[in-house]
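Written below as structure tokens is the structure these notes are about.
Quick caveat: nothing in here was measured; it's all calculated off a predicted structure.
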Amino acid sequence: MALRDLWGRSRTGDETAPQAGYFALHGAYGDAPPVADRFEDWDRRLDQAEPAGRSTWLGRRKRWWIIRGVAALVGVFFLIVAWLAVTAPLSKSLEPIAPPQLTLLASDGTPIARNGAVIDAPVAVEKLPDHVVEAFLAIEDRRFYDHWGIDPRGIARALFTGVGGGSTITQQLAKFTFLTPEQTITRKAREMLIAFWLEAWLSKDDILGRYLSNAYFGDNVYGLRAASLHYFYRQPERLKPDQAAMLAGLVQAPSRFAPTRHYDRAAKRMEMVKNAMVDAGFLTPAEAKAMRPPRLDVRPAPSLPTGTYFADWALPEGRRLAEAGYGGQTLTTTLDSRLQAIARRVTARVPGKAQVALVAMRPNGEVVAMIGGKDYAKSPFNRATQARRQPGSTFKLFVWLAALREGMDPQDRIDNRPFETGSYRPKNAGGRYSDSITLEDAFARSSNVAAVRLLQTVGSEKVIATARDLGVTSPLAQGDPSLALGTSTMTLLELTAAYAGVAANDFPVRPRAFAEPEKGWLARAWDWTRHERLSGRTHGQIEQMLRAAINRGTGRAAVLSVPNYGKTGTSQDYRDALFVGYAGDLVVGVWIGNDDNSPLGGISGGSLPARIWRDFMVQALGRGANRPAPAPDVREDPGGPVEPMDVPGPAALPNAEFPLDERGSRVRIGGDGVTVSTDVEGVPVDVRFGREGVRLEPGPQPPASPPPSAPPQ
């Protein structure tokens, strides 16, 4: 009888069995009745065995339900095996259950942060001393080598005596390798199924080795090797019996029994391990009595911060780059320790409760310095990468660039009169207006009314498209005239990367914390198809206006002695103050604001942020600020007047004062020139060197000396 005939067999006893398609040879010799006859005989016996009135379930013979029930269970079993093969791959039990320790280095090899669990190489059970294995078996799973992943006797013993765990070692491996720590019946059922699966595919020593290599032992330490080195500075293959007994006792509640913090609890737990080893026959009572709690040998590792603003931002990318496996790993980042120190110094001047953020990157997106706030220990919130604030007039880069891409010219004029109609009437800072203004002057002076009119002329959709091309992904309000003034929020990192795209004339730029490996020609060709460039004319025009904004516009406080490009930004009511620009091979963005979004009290993008940007650039570029002179060649005179390039005006020069000699002579450098204060035969004199030449003026009289105080009684 075919299997399908057996499955679909009816209750009618006189039904003739169909031809099976073959004949049993032994049947011809009378060795046994045909198969069909044997089934008929079994049916008659089952009918006789079933009492009258109870021979069917829901109109079907019991045998019918039993056969189909067994078949269904077999089918479910195969489905579960297939499901486990997909959702719980066996290779996962070879991986550490926590991210291993990752050390980040600056570009010069200086360690800057360490994060992750302490994990070392896995152990092999056959190389461990017997007393190490026996200690864990006695307290965790005494019948480990006798069961198939589930131990009912062990569960009963744990319930009545409190010694040993209710779960086997195989179940524990399944739990912390494949499952979440939730306490539900569903999770327990999955744990048991995975335990059976592990027992079917792995040897007992493999299961035990993987368990010991992944178990948590407290103090952020995972695995027996890392634990033995951490607590006793000893490889697990050389652990003494007392040390092994203490380590075995930690697994049940690692944080509660960690001997570095709770040695007395660890010692009491060790007593339970010794008693369990005696009960299991691994120790004699005399040996257990002679075993004393071991002395710890904890050797602190070199101290490194577990987090910094840059490290927190770089860590997710570092985890993706790090190879999966046991043991700590080290990755070199793009952070420049010298530039990071400069950034920390120049941002320390921000007064009061105001916060500060700074991002410095190369034009290719490699971040070399990052400040996310005044104090990471007090507030790890990264204001450079997480805070979404209004960019103010720094957003005008996209408005003007969209206009240039549409064919407009920096010398084209636009209406600069105040708005007299409409519901939205932006105003210029200081109330400065004119009938018209060139695009270049409007950008340099950061005219708000010109920006809104230019947005209306070009169209907000083209401005948004330009911002998207430069890598801005934050939401931008289409059709909103206030978009021209930077009312849509974004992060400082995102904004600085957009300026980096202009600096490199290759965009979008993706900020990154790790240098990209050298790519092959095919990968470079693919990247080239995904990047855009401005035409030489358009790129020169936007740089001309960025330069004008620093040299003679709102960013004069940021002027350098080398070609520099940038833009100031101040949001409504002075809530955000920014300066973003580039010089040399650095693109830097600076933001100042309050976390509660309250006004800054008059700080604008052209004041403190611009000065911080300038101070960072002066120290960062140093001698490298002067680019090498090009080789001389013969060219025709282009004609036209000679225009000063990046030469600061007197008002933009920083103020400084320092002594000359021991008599009190001093030199003051200010926006109006240089002044030398000294005295000639007791008469104070100021010698001024300015545009008007050299002038000699009487100096201020020194304050009268106070009378000497009475000596103490």
query: Any donor-acceptor pair under 3.5 Å linking the side chain of T332 with the backbone of S107?
result: no
- prompt: Taking it one step at a time, do L534 and L404 satisfy side-chain contact (heavy atoms from CB on, under 4.5 Å)?
  reply: CA-CA 10 Å; L534 300 173; L404 295 178; over 6 Å; no
Distance (rounded to the nearest 0.5 Å) between S460 OG and L455 CG: 6.0 Å
- prompt: Given side chains that start at C-beta, do those of F616 and L586 come closer than 4.5 Å, heavy atoms only?
  reply: yes
query: Ion pair present between D595 and R383, side-chain N to carboxylate O less than 4.0 angstrom?
result: yes
- prompt: Is the shortest heavy-atom distance from the side chain of I603 to the side chain of P609 under 4.5 Å?
  reply: yes
statement: Output for pair (Y309 OH, L358 CG), nearest 0.5 Å, gives 13.0 Å
message: Do I112 and Q340 have side chains that approach each other closer than 4.5 Å (heavy atoms only, starting at C-beta)?
response: no
query: If we ignore angles and hydrogens, is there a donor and acceptor under 3.5 Å between the side chains of Q544 and E440?
result: yes
- request: Determine whether T385 and M370 make a side-chain contact, defined as any pair of heavy atoms from C-beta on separated by less than 4.5 Å.
  value: yes
message: Tell me whether the count of non-hydrogen atoms from other residues, nucleotides or ligands lying under 6.0 Å of CD in E461 goes above 12.
response: yes
- prompt: With a 4.5 Å heavy-atom cut-off, do T334 and M361 have their side chains touching?
  reply: no
message: Going by side chain to side chain contact (heavy atoms under 4.5 Å, CB included), R453 matches just one of I414, N416, V458. Which one?
response: I414
field: Backbone of V590 reached by a side-chain donor or acceptor of W613 within 3.5 Å
entry: no
- request: Could you tell me the separation between the CD atom of E494 and the OG1 atom of T489, rounded to the nearest 0.5 Å?
  value: 9.0 Å
statement: Residues pairing under side-chain hydrogen bond (donor to acceptor under 3.5 Å, both in side chains) where one sits in residues 396-409, two or more places apart or in two chains, turn out to be S393-K396, K396-S446, K396-N448, R405-T466, R405-D469, E406-K462, D409-Q541
query: Is a donor on one side and an acceptor on the other found under 3.5 Å between the side chain of R512 and the backbone of G365?
result: no
